[in-house]
S.K.: 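The structure is given below, and queries will be raised subsequently.
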Amino acid sequence: MDTSLFLMGNEAIAYGAARAGAGFACAYPGTPSTEIIETAAGLDGVHAQWCVNEKVALETAVGCSRAGVRTVVAMKHVGLNVAADPLLTLTETGVNGGLVIVVSDDPGMNSSQNEQDTRNYAKFAKIPMLEPSDSQEAYDFVAEAFAISEEFDTPVLLRSSTKLSHGRGVVALRDPIGVERPDYVKDITKHLMVPQWARLRTKFILKRLELLRERSEQTPLNVIQEGTADFGIITSGVVYQYAREAFPEAWFLKLGMSYPMPYRKMADFFERVSQVFVVEELDPFIEEQVRILGLPVVGKETVPADGELDPDIVRAALEPYLDREVPQRRSPVFPPAPRIGEPAPESDLPVRPPVLCPGCRHRSVFTALKRQKLAAMGDIGCYMLGADPPLDALDSSLCMGASIGMMAGFNQALGRKASAAVIGDSTFFHSGITPLISAAYNEADGLVMILDNRTTAMTGHQGHPGSGVHPDLTEGPAMSIQELCDGIHVRCTTIDAKDYPAIVDGIKTEVATPGLGVIVAQAPCALLVKEKNGTVLVDDDRCNLCGLCLNVGCPAIVPEADTVSITDACTGCGLCVEVCRRGALTLSLTGEDS
Amino acid sequence: VNGTTTVSLFGVGGQGILLAASLLAEAAAAEGLEVKASEVHGMAQRGGSVVSTVRFGERVYSPVTHHADYVIATELLEGIRGLRLLSPGGTVVCASTTRIPPGGVLRREESYPDELEKEAAARGVRVVSVDAEALAREAGTLRAVNIALMGAASTVLPFSAESWQTALEKAVPARIFAVNDKAFALGRASVVATA
């Protein structure tokens with residue numbers, strides 16, 4: 001095949017999976033992994049699905065693999081926590097059709113609540129880890145991942161990170177790989193993990209790990225690149241590109257397969273250079289393996305153990321150590337304390353954090369909720385933006401779906417309706433249903449606000465059960481949250497989020513009513529409808545700059561010397577008009593005389 | 001350092017930084033250079049600061065760096081933020097009439113900075129100041145600010161007019177091509193006219 005494309009790492013992974021004969025691809029969207037499934041949905045031969053969460057996605061993938069189909073499942077780093085339960089037993093059962101789990105880490109937390117180094121899961125589950133360093137490798141390594149998966153009867157982790165997933169480079173497409181689909185054969189000793197069979201599979205896992213280590217020694221993915229200097233760098237993933245740019249003269253041991261590690265190749269590398277560095281993002285994962293061999297290495301004492309790296313950071317970290325005398329091995333060798341990265345330098349320039357969009361009607365829920373003096377347990381997604389000033393409407397957040405459990409526990413401990421949960425519709429379907437059922441079962445006293453915009457907005461508007469939209473943009477039936485709550489006998493009211501007085505009344509009524517209640521506030525995502533009803537006019541004589549309208553946190557309202565002005569960004573939603581007590585603001589609808 | 005040129009594009013979520021970056025990447029590719037680019041997704045549409053980096057040269061390793069040779073900014077404050085990545089001799093192309101005050105400024109906790117020229121002079125950085133909003137309006141839509149600005153930037157970047165035209169045809173969707181093609185031409189002419 002004689003075609004090249006300029007692809008994002010995520011797109012390259014999808015193309016690589018299709019080329020390797022993957023018949024199924026699934027995920028729950030999560031930055032920076034989302035585009036893998038969106039791209040796969042448009043490729044021949046691949047059926048792509050959004051699943052409600054990463055655990056369900058992995059379990060669905062396991063079913064496809066059992067049936068003999070090569071399957072790729074994608075998620076962001078925290079998604080693998082959700083999928084960890086099936087993963088840690090999947091390692092026992094192994095696969096039938098190849099199964100590749102792509103995980104995108106987010107060092108530096110560009111769009112995440114924590115940093116995690118997914119390589120630890122490879123060690124935890126005793127499964128192989130591949131780490132491509134650019135778009136071409138992302139494309140190529142997927143095929144190798146499938147081959148390893150089937151040859152060694154194991155799920156394979158393929159780790160990306162933000163700068164690979166959302167970096168672009170040229171990818172030379174290759175001929176498709178012909179894949180024979182294995183038949184499904186019932187075998188409960190392999191597929192049904194009760195203790196008697198699982199004990200045997202544990203022994204299989206340990207044997208498999210040593211066979212994989214031999215593969216790691218032999219694979220061209222783990223390569224020694226000769227340099228002109230007398231020092232060498234062991235590295236993996238996109239960090240290889242940073243280190244290579246910073247030190248083109250260095251020797252490299254580039255680990256495309258970073259678990260299990262090639263101990264002999266590592267030892268050989270030490271024979272060929274006089275000084276060795278390990279350069280890796282986040283945890284000292286490779287470094288610890290080197291230290292197991294008792295070899296002297298410089299790593300996390302100078303390469304920051306948090307945040308993203310880049311060529312400049314790598315250069316600055318290693319330069320002070322170059323030509324420093326290498327300590328001879330003594331026993332014991334204590335690992336150094338990791339260096340903590342310097343915080344970003346203070347800037348005198350105003351920061352510009354993301355904000356709830358102009359015209360987002362869910363702003364009304366935050367505005368109304370603040371009047372009730374409740375603690376607000378937040379959740380993941382756009383509605384985290386309700387925490388920012390001037391809304392300042394959230395107290396806490398943790399992980400996907402955590403708001404409802406936190407609310408129930410908080411109110412239980414204080415013996416009253418002291419908090420509300422605030423969760424979006426996609427997050428509710430992801431992992432909010434079971435805590436709601438648990439709260440109902442335990443007769444919790446509390447309020448759950450479900451802000452329903454009928455999409456997974458923050459990751460770029462992917463479908464979910466409440467919209468019925470699939471990755472290929474076809475539509476199935478949409479599920480009703482109201483009916484779901486009715487079905488489990490939880491008191492639920494659905495309110496139009498555009499109706500601010502109704503939202504205020506609904507919340508007031510619910511707070512005054514004992515027991516557990518849900519309010520579904522419905523309004524479509526402002527970015528999707530892009531409706532411009534009109535704009536808001538200001539009566540400068542009436543406005544006394546009291547700040548009530550500014551407190552709704554709309555970027556279209558700008559304070560002036562003794563009044564406010566309204567920018568072009570105004571969609572004419574009218575929330576500011578509703579909160580103004582002096583009648584200084586009026587809604588001018590498009591088409592009306594102003 | 002190694003013959004790799006770095007261009008960082010700064011703007012506000014929703015201003016079309018991704019399209020501008022992909023136009024630039026296509027132009028570099030049309031010149032036969034290796035290109036790598038890095039994009040910010042997720043929060044990109046929510047009005048926050050957005051940075052996208054495009055790097056090109058004979059051989060490009062990292063998709064990102066902490067410095068830039070050129071900064072292209074679709075908003076004044078972001079232009080000032082961006083020019084701090086430049087070394088003396090660098091160039092910032094800025095839509096300097098576009099001011100989008102961030103929340104802290106709206107709440108009067110911070111003030112909107114004004115000193116693009118002054119700060120650029122202090123750093124030995126060349127400024128190409130563009131009224132991209134006026135050019136985009138002239139082309140037919142305010143949404144074309146990004147491409148009008150790229151037209152201006154095309155006069156300082158080392159690519160041929162043919163490469164830019166190829167890139168426009170590849171990067172800009174057909175549906176919005178005509179207006180963006182015009183905005184690009186107006187942007188390009190605006191710099192030549194003032195030079």
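Chain naming here is simple, since letters A, B, ... match the order of the sequence lines and numbering starts at 1 in each. The figures here come from the full heavy-atom set of this structure, side chains too, leaving out hydrogens, waters and symmetry mates.
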S.K.: Please state whether the side chain, the backbone, both or neither of Ser111(B) comes within less than 4.5 Å of a heavy atom of chain A.
M.R.: backbone
S.K.: Measure Ile313(A) against the heavy atoms of chain B and call it side chain, backbone, both or neither at under 4.5 Å.
M.R.: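 The answer is neither part of Ile313(A).
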S.K.: Quick one: of Ile100(B), Val105(B), Thr53(B), who has the most non-hydrogen atom pairs under 4.5 Å with chain A?
M.R.: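 If we count pairs closer than 4.5 Å to chain A, Ile100(B) comes out on top.
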S.K.: Taking NZ, NE, NH1 and NH2 as the nitrogens, is one of them in Glu245(A) or Lys36(B) under 4.0 Å from a carboxylate oxygen of the other?
M.R.: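 Not counted as a salt bridge, because no side-chain N and carboxylate O are separated by less than 4.0 Å.
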S.K.: Check this for me, if you would: do Asp348(A) and Arg81(B) make a salt bridge, where the nitrogen-to-carboxylate-oxygen distance has to be below 4.0 angstrom?
M.R.: no
S.K.: Side-chain contact, heavy-atom cut-off 4.5 Å: Asp106(A) with His77(A)?
M.R.: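 The answer is yes, as the side chains (C-beta and beyond) meet within the 4.5 Å cut-off.
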S.K.: Which pairs count as side chain to side chain donor-acceptor pair (under 3.5 Å) when at least one residue sits in residues 169-185 of chain B, sequence neighbours excluded?
M.R.: Gln165(B)-Asp181(B)
S.K.: Is Asp388(A) in contact with chain B via its backbone, its side chain, both, or neither, using a 4.5 Å heavy-atom distance?
M.R.: neither
S.K.: What part of Tyr242(A) gets closer than 4.5 Å to chain B, counting heavy atoms only: side chain, backbone, both or neither?
M.R.: both
S.K.: Examine whether an atom of Leu550(A) lies under 4.5 Å from a heavy atom of chain B, and if so say whether it belongs to the side chain, the backbone or both; otherwise answer neither.
M.R.: neither
S.K.: Specify which of Gly169(A), Pro32(A), Pro29(A), Pro390(A) makes the most heavy-atom pairs with chain B at under 4.5 Å.
M.R.: Pro390(A)
S.K.: When the ring centroid of Tyr240(A) is compared with that of Phe252(A), is the distance short of 6.0 Å?
M.R.: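 Close enough - the centres of the two rings lie under 6.0 Å apart.
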S.K.: Select, from Ala25(B), Ala37(B), Ala29(B), Ala21(B), the one with the greatest count of heavy-atom pairs under 4.5 Å involving chain A.
M.R.: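 Top count of heavy-atom pairs under 4.5 Å with chain A: Ala37(B).
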S.K.: Going by an N to O cut-off under 4.0 Å, is there a salt bridge joining Arg99(B) and Glu75(B)?
M.R.: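 Looking at Glu75(B) together with Arg99(B), the answer is no, because their closest N to O distance does not fall below 4.0 Å.
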S.K.: Which bit of Val238(A) is near chain B, if near means a heavy-atom gap under 4.5 Å: side chain, backbone, both or neither?
M.R.: side chain
S.K.: Check each atom of Cys360(A) against the heavy atoms of chain B and say whether the ones under 4.5 Å are side chain, backbone, both or neither.
M.R.: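 Cys360(A) has no heavy atom closer than 4.5 Å to chain B.
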S.K.: Which ring pair (Phe, Tyr, Trp, His ring centres under 6.0 Å) pairs, counting each pair once, include a residue from residues 135-159 of chain B, with sequence neighbours left out?
M.R.: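 Listed once each, the pairs are Phe56(B)-Phe159(B), Phe159(B)-Trp164(B).
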S.K.: Under the criterion side chain to side chain contact (heavy atoms under 4.5 Å, CB included), I'd like the reasoning laid out for Leu116(B) against Leu83(B): C-alpha separation, chi angles, the key distance, then a yes or no.
M.R.: CA-CA 9 Å; Leu116(B) 176 72; Leu83(B) 73 82; 3.5 Å; yes
S.K.: Given that the side chain runs from C-beta out, which part of Glu119(B) has a heavy atom under 4.5 Å from chain A: side chain, backbone, both or neither?
M.R.: neither
